[in-house]
Amino acid sequence: MFGTNMGTVMLLPQYGWVLVTLLLSVFVVHIFMAIRVGNARKKYGVSYPTMYADATNTNANVFNCIQRGHQNSLEGFPLFLGLLLVAGVKYPVAASCFGLVWIVGRILYFQGYSTGNPKARLRGNWGHIGELGLLTLVGMTAFSLLTSNAALHVS
């Protein structure tokens with residue numbers, strides 16, 4: 001049976017930084033990268049709904065790398081957002097900093113992949129440090145909740 005008492009989540013004013021980080025990440029993953037893929041579609045003649053260029057396209061490798069860089073970023077985006085939003089409840093500034101590390105890593109990953117050399121994407125792999133930082137903050141928040149007799153106090 002569920003209780004009838006509803007708790008209140010109080011957010012610190014610094015949670016605004018988490019939301020700014022979220023907005024920046026949406027701009028990078030959903031706008032900046034999507035525009036780059038759209039431009040590559042025009043440049044390399046890959047029309048919708050085709051996801052990847054086939055081998056008959058002489059620029060298939062370059063286009064497919066650009067498309068894959070965006071697709072990979074989209075695949076990891078829900079995890080990033082969940083970690084950012086939850087970690088930010090108790091640790092808003094640290095969560096925003098780790099979020100920025102992830103965003104910069106994604107930009108470098110995408111730019112590297114967009115060269116047509118898949119190994120160049122590795123220059124942005126250090127962005128996973130941001131993901132691991134967010135995961136750690138979520139773990140710390142969970143531990144705090146599970147070991148406390150009181151509601152989560154954000155201070």
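- For Ser148 (side chain) and Leu145 (main-chain N/O), no donor-acceptor pair under 3.5 Å exists by modelled atom type.
- Pairing each heavy atom of Leu108 with each of Gly124, the nearest pair is CB-CA, 3.9 Å.
- Annotation: side chain of Phe143 is not in contact with side chain of Leu146 (no heavy-atom distance under 4.5 Å).
- Nearest heavy-atom pair, Val29 versus Trp102, reported as atom, atom and distance to 0.1 Å: CG2-CH2, 4.0 Å.
- Leu83 places none of its side-chain heavy atoms less than 4.5 Å from the side chain of Phe98.
- Atom OG in Ser114 sits 8.0 Å away from atom CE in Met33 (nearest 0.5 Å).
- Taking the six-membered ring for Trp and thresholds of 30 and 60 degrees, Phe77 and His30 have ring planes more than 60 degrees apart, a perpendicular arrangement.
- Under a 3.5 Å cut-off, the side chain of Asn64 and the backbone N or O of Ala53 do form a donor-acceptor pair.
- The distance from atom CG of Leu19 to atom CG of Leu85, rounded to the nearest 0.5 Å, is 7.5 Å.
- Interatomic distance, Ile103 CD1 to Leu84 CG, rounded to the nearest 0.5 Å: 7.5 Å.
- Contact check for Asn57 versus Phe63: no side-chain heavy atoms found under the 4.5 Å cut-off.
- Of all the heavy atoms in Thr141 and Tyr91, the pair that sits closest is OG1-CE1, 3.5 Å.
- For the pair Ser96 (side chain) and Trp17 (backbone), a donor-acceptor distance under 3.5 Å is present.
- Remark: Arg121 CZ to Asn72 CG distance equals 8.0 Å, nearest 0.5 Å.
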| field | Audit row: Leu100, Leu24, side chain to side chain contact (heavy atoms under 4.5 Å, CB included) steps and yes/no | value | CA-CA 9 Å; Leu100 290 174; Leu24 181 61; 3.6 Å; yes
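- Cys65 contributes atom SG, which lies 10.5 Å from atom CZ of Phe110 (distance to the nearest 0.5 angstrom).
- Arg106 has no carboxylate O lying under 4.0 Å from a charged side-chain N of Glu131, or vice versa, which leaves the two without a salt bridge.
- Hydrophobic clustering (side-chain heavy atoms under 4.5 Å, transitive across Ile, Leu, Val, Met, Phe, Trp, Tyr) groups Leu11 together with Leu81.
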| task | Decide yes or no on side chain to side chain contact (heavy atoms under 4.5 Å, CB included) for Val46 and Tyr52, but give the supporting numbers first. | result | CA-CA 8 Å; Val46 181; Tyr52 295 101; over 6 Å; no
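- Rounding to the nearest 0.5 Å gives a distance of 7.5 Å between CG of Leu79 and CG of Leu135.
- Thr56 and Asp54 form a side-chain donor-acceptor contact under 3.5 Å, judged by distance and modelled atom types alone.
- Residues Val18 and Ala95 share a closest heavy-atom pair of CG2-CB, 4.5 Å.
- Each of Val93 and Val86 belongs to its own hydrophobic cluster when Ile, Leu, Val, Met, Phe, Trp and Tyr are linked at side-chain heavy-atom distances under 4.5 angstrom.
- No donor-acceptor distance shorter than 3.5 angstrom exists from the side chain of Thr115 to the backbone of Gln111, with no hydrogens or angles considered.
- In this structure, Tyr15 is not a member of the same hydrophobic cluster as Val20, with clusters built from ILVMFWY side-chain heavy atoms closer than 4.5 Å.
- At least one side-chain heavy atom of Met51 sits under 4.5 Å from a side-chain heavy atom of Gln67.
- No continuous path of ILVMFWY side-chain contacts below 4.5 Å connects Tyr109 to Val62, so the two sit in separate hydrophobic clusters.
- Residues Tyr113 and Arg68 are in side-chain contact: their nearest non-hydrogen atoms beyond the backbone lie under 4.5 Å apart.
- Two residues are said to be in side-chain contact when any heavy atoms from C-beta on lie closer than 4.5 Å; Val101 and Trp126 meet this criterion.
- Stacking of Arg41 on the aromatic ring of Tyr48 is recorded, both the 6.0 Å distance cut-off and the 45° axial limit being met.
- In this structure a side-chain-to-backbone donor-acceptor pair under 3.5 Å is missing from Ser144 to Met140.
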